[in-house]
Amino acid sequence: DTWPKDVGILELEVYFPAQYVDQTDLEKYNNVEAGKYTVGLGQTQMGFCSVQEDINSLCLTVVQRLMERTQLPWDSVGRLEVGTETIIDKSKAVKTVLMELFQDSGNTDIEGIDTTNACYGGTASLFNAANWMESSYWDGRYALVVCGDIAVYPNGNARPTGGAGAVAMLIGPNAPLALEQGLRGTHMENAYDFYKPNLASEYPLVDGKLSIQCYLRALDRCYASYRRKIQNQWKQDGIDRPFTLDDIQYMIFHTPFCKMVQKSLARLMLSDFLSSSNDTQNTSYKGLEAFRNLKLEETYTNKDVDKALLKASLEMFNKKTRASLYLSTHNGNMYTSSLYGCLASLLAHHSAQDLAGSRIGAFSYGSGLAASLFSFRVSQNASPGSPLEKLVSSVSDLPKRLASRKRMSPEEFTEVMNQREQFYHKANFSPPGDTNNLFPGTWYLERVDEMHRRKYARRP
Ligand code: HMG
């Protein structure tokens, strides 16, 4: 009981590229049926980086923005963790590059390095930071969790599910978004659904259909163990009833594409339904009666179940999840930062009063695979100037910032992808491009010397 109270997220900063390609333009350009990306995948726009940006520059920008906005002294940070799968060096951590920002402060006593497993690294970093804070090694300072990725695919059906971005989170006690202690449902297994064995290329190998099944199976398993753990906690408090989605006011997910998330929430409803007793007269399960005797793992590719579930869960989706997809539908998959971008979107679309006292469920998935379902408890205090109110208002300009990006044609997007291929892992070059295409204050790659040492500069 000497633990600090309510360890969690105090502040949150989001970075995404200043340029995007429209998904309707991409549908035409790729000669696919209208609606395939926009309706079938639920994607509106996709952000992308030029060759002037890499994972280091993305993370430099998002950390600098967070520290400047909050005006925290650089020596108030005692741990810095980076979650990413955008690896440009097999040894040197992105974290070491971020130490550059701390140089003038003289603060070098900062634990933490990079963590990698596909999209799960950000969540692992968050867990590491919270674990540190609840341990004997904690020295009273804040932790910073940084996650970011550049999600790019070769020409083909996976390309429209790309994106790029980074999120930085300030972790500390008495947080407006406190991690709920003891409540992590985790599922890990060995799968080859999405992986990056090709060191000569930025692109992953992906078995799209398998990856969707792996994601859904991991979701089922994590939900089951989360439910078991919370019910056990309740029992100790004398409460004996099943946990259902009614006990979660908002639910966010790792978002490879938005349609996947709508189906995922629907799936949690199926889990609730299948574990509810036969005599339940719960009207929210209307339309699902025919599936009473199905087993969860038999339903991954059942289109009838899909359709009935989407219908039965629509109202719940609109209430608990839809708002969290704003950044994802406009920017695409940000891998490790996707889930935390969803959190920012959720905050940007609700008032502090709406959120106060609620539970936010969070499902993190990384291919390969590693997954956890956990939750945040939102503080009760939403008064003006409270940490919750400040956090919510700090992300409220997200829609405005997204609207200020530059729309590029599919031809220009393809040209940039070709340039990224050409410069990938090259030495001795200065990336071409116009820094005016970056948001003011953005860090960018200025030069890679003949020894692969990278030099960064900041756009005024
Ligand atoms: P595809 O071949 O384009 O898929 O690949 P499709 O033909 O099945 O179409 C997709 C949906 O669009 C279908 O909906 C179609 O019916 C619909 P569904 O039947 O499944 O509900 N559709 C249309 N709808 C309206 N109007 C139309 C139309 N045409 C078709 N005209 C796939 C899609 C996602 C597989 C591909 O893009 C891909 O491989 N993406 C990358 C992998 C991925 O995102 N996987 C997701 C789970 S794994 C994960 O999340 C981890 C990840 O983030 C990596 C990490 O962990 O680091 C990816």
Side-chain angles (χ1 to χ4, degrees), residues 13-19 47-69 74-75 77 80-110 112-116 121 144 146-152 164-168 196 199-203 334-337 406 415-460:
E13 188 67 47
V14 181
Y15 175 75
F16 45 80
Q19 54 186 4
F48 64 97
C49 295
S50 71
V51 269
Q52 289 176 298
E53 292 191 89
D54 65 11
I55 185 57
N56 293 330
S57 72
L58 258 54
C59 292
L60 283 165
T61 302
V62 80
V63 171
Q64 179 106 49
R65 279 180 59 109
L66 182 98
M67 295 302 281
E68 279 178 359
R69 181 171 57 73
W74 290 93
D75 60 5
V77 175
L80 200 173
E81 298 263 345
V82 179
T84 185
E85 56 167 299
T86 307
I87 311 294
I88 43 181
D89 191 294
K90 284 182 283 177
S91 167
K92 185 172 164 55
V94 173
K95 155 69 183 292
T96 61
V97 179
L98 296 179
M99 288 310 296
E100 192 105 4
L101 295 174
F102 291 81
Q103 208 164 33
D104 291 345
S105 73
N107 178 16
T108 59
D109 181 11
I110 307 179
I113 48 163
D114 295 4
T115 301
T116 298
L144 267 182
V146 186
C147 33
D149 277 300
I150 297 173
V152 283
V167 172
K196 296 180 176 170
L199 302 178
S201 160
E202 201 175 11
Y203 301 135
M334 308 192 295
Y335 290 164
T336 52
S337 40
K406 191 168 167 201
E415 172 57 24
V416 168
M417 289 300 107
N418 293 342
Q419 279 188 348
R420 290 191 68 88
E421 284 176 26
Q422 189 193 325
F423 285 105
Y424 187 69
H425 274 185
K426 286 273 169 348
N428 199 15
F429 74 98
S430 299
D434 184 355
T435 54
N436 286 323
N437 287 338
L438 304 168
F439 284 123
T442 303
W443 284 90
Y444 61 93
L445 178 64
E446 192 174 49
R447 169 123 199 107
V448 180
D449 76 10
E450 64 292 348
M451 290 290 288
H452 288 270
R453 289 173 298 214
R454 291 174 172 249
K455 193 161 166 281
Y456 297 89
R458 194 177 182 208
R459 205 211 124 166

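Note that the coordinates shown come from a computational prediction; the quantities given were computed from them, not determined experimentally. If you read the sequence from its start, that first residue is 1, and numbering goes on from there.
Contact of the Ser50 side chain with the Gln419 side chain is not registered, since no non-hydrogen atoms from C-beta on lie closer than 4.5 Å. At least one side-chain heavy atom of Pro432 sits under 4.5 Å from a side-chain heavy atom of Phe423. With a 4.5 Å cut-off on side-chain heavy atoms, Asn418 and Gln422 do not count as touching. Residues His452 and Asp89 form no side-chain contact, since every pair of their non-hydrogen atoms from C-beta on lies 4.5 Å or further apart. Contact annotation: the side chain of Tyr456 approaches that of Val97 to within less than 4.5 Å [non-hydrogen atoms, C-beta and beyond].
For Thr115 (side chain) and Gly83 (main-chain N/O), no donor-acceptor pair under 3.5 Å exists by modelled atom type. Panel note: side chain Thr86, backbone Ile150; a donor-acceptor pair is recorded below 3.5 Å. In this structure, Thr84 contributes its side chain and Cys147 its backbone to no donor-acceptor pair below 3.5 Å. Formation of a donor-acceptor pair under 3.5 Å by the Arg453 side chain with backbone atoms of Val448 is not found in this model. Listed for the Arg459 side chain is a donor-acceptor partner under 3.5 Å among the backbone atoms of Leu438. A side-chain donor-acceptor contact under 3.5 Å links Lys196 to the backbone of Glu85. At least one donor-acceptor pair under 3.5 Å links the side chain of Lys95 to the backbone N or O of Gly112. In this structure a side-chain-to-backbone donor-acceptor pair under 3.5 Å is missing from Glu202 to Glu421.
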*asked:* Between Lys455 and Asp449, does the side-chain contact (heavy atoms from CB on, under 4.5 Å) criterion hold? Intermediate values first, please.
replied: CA-CA 8 Å; Lys455 193 161 166 281; Asp449 76 10; over 6 Å; no
*Could you please spell out the steps behind the side-chain contact (heavy atoms from CB on, under 4.5 Å) verdict for Asn428 and Arg447?*
CA-CA 7 Å; Asn428 199 15; Arg447 169 123 199 107; 2.4 Å; yes
*Please lay out, stage by stage, how Cys49 and Leu58 fare under the test side-chain contact (heavy atoms from CB on, under 4.5 Å).*
CA-CA 9 Å; Cys49 295; Leu58 258 54; 3.9 Å; yes
_side-chain contact (heavy atoms from CB on, under 4.5 Å) evaluation trace for Glu53 with Thr442_ = CA-CA 9 Å; Glu53 292 191 89; Thr442 303; 3.9 Å; yes
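Taking CD1 from Ile87 and CG from Asp114, the interatomic distance works out to 7.0 Å, rounded to the nearest 0.5 Å. The structure places OH of Tyr444 at 12.5 Å from CG of Leu60, a figure rounded to the nearest 0.5 Å. For the atom pair CG of Leu80 and CZ of Phe102, the computed distance is 5.0 Å after rounding to the nearest 0.5 Å. Atom CG of Asp54 sits about 4.0 Å away from atom CD1 of Ile88, to the nearest 0.5 Å. Atom CE of Met67 sits about 11.5 Å away from atom CD of Glu13, to the nearest 0.5 Å. Separating the CG atom in Asn107 from the CH2 atom in Trp74 is a distance of 10.5 Å, to the nearest 0.5 Å.
Closest of all the heavy-atom pairs between Glu450 and Ala427 is O-CB, 4.0 Å. In this structure, Ala166 and Val62 approach most closely via the heavy-atom pair O-CG2, 3.7 Å. Contact record, Met334 with Gly165: SD-CA, 3.7 Å, taken as the closest heavy-atom pair. The minimum heavy-atom distance between Trp443 and Leu101, with the atom names listed, is CZ2-CD2, 3.8 Å. Nearest approach of Ile55 to Asp149, heavy atoms of both residues: CD1-N, 3.8 Å. Arg454 and Leu445 make their closest contact through NH1-CD2, 3.5 Å (heavy atoms, listed as atom of the first residue, atom of the second, distance).
Listed by chain and number, the residues in a side chain to side chain donor-acceptor pair (under 3.5 Å) with Glu68 are Gln64, Arg458 (sequence neighbours excluded).
Counting non-hydrogen atoms of neighbouring residues, nucleotides and ligands closer than 6.0 angstrom, the CG atom of Asp104 reaches no more than 12 such neighbours.
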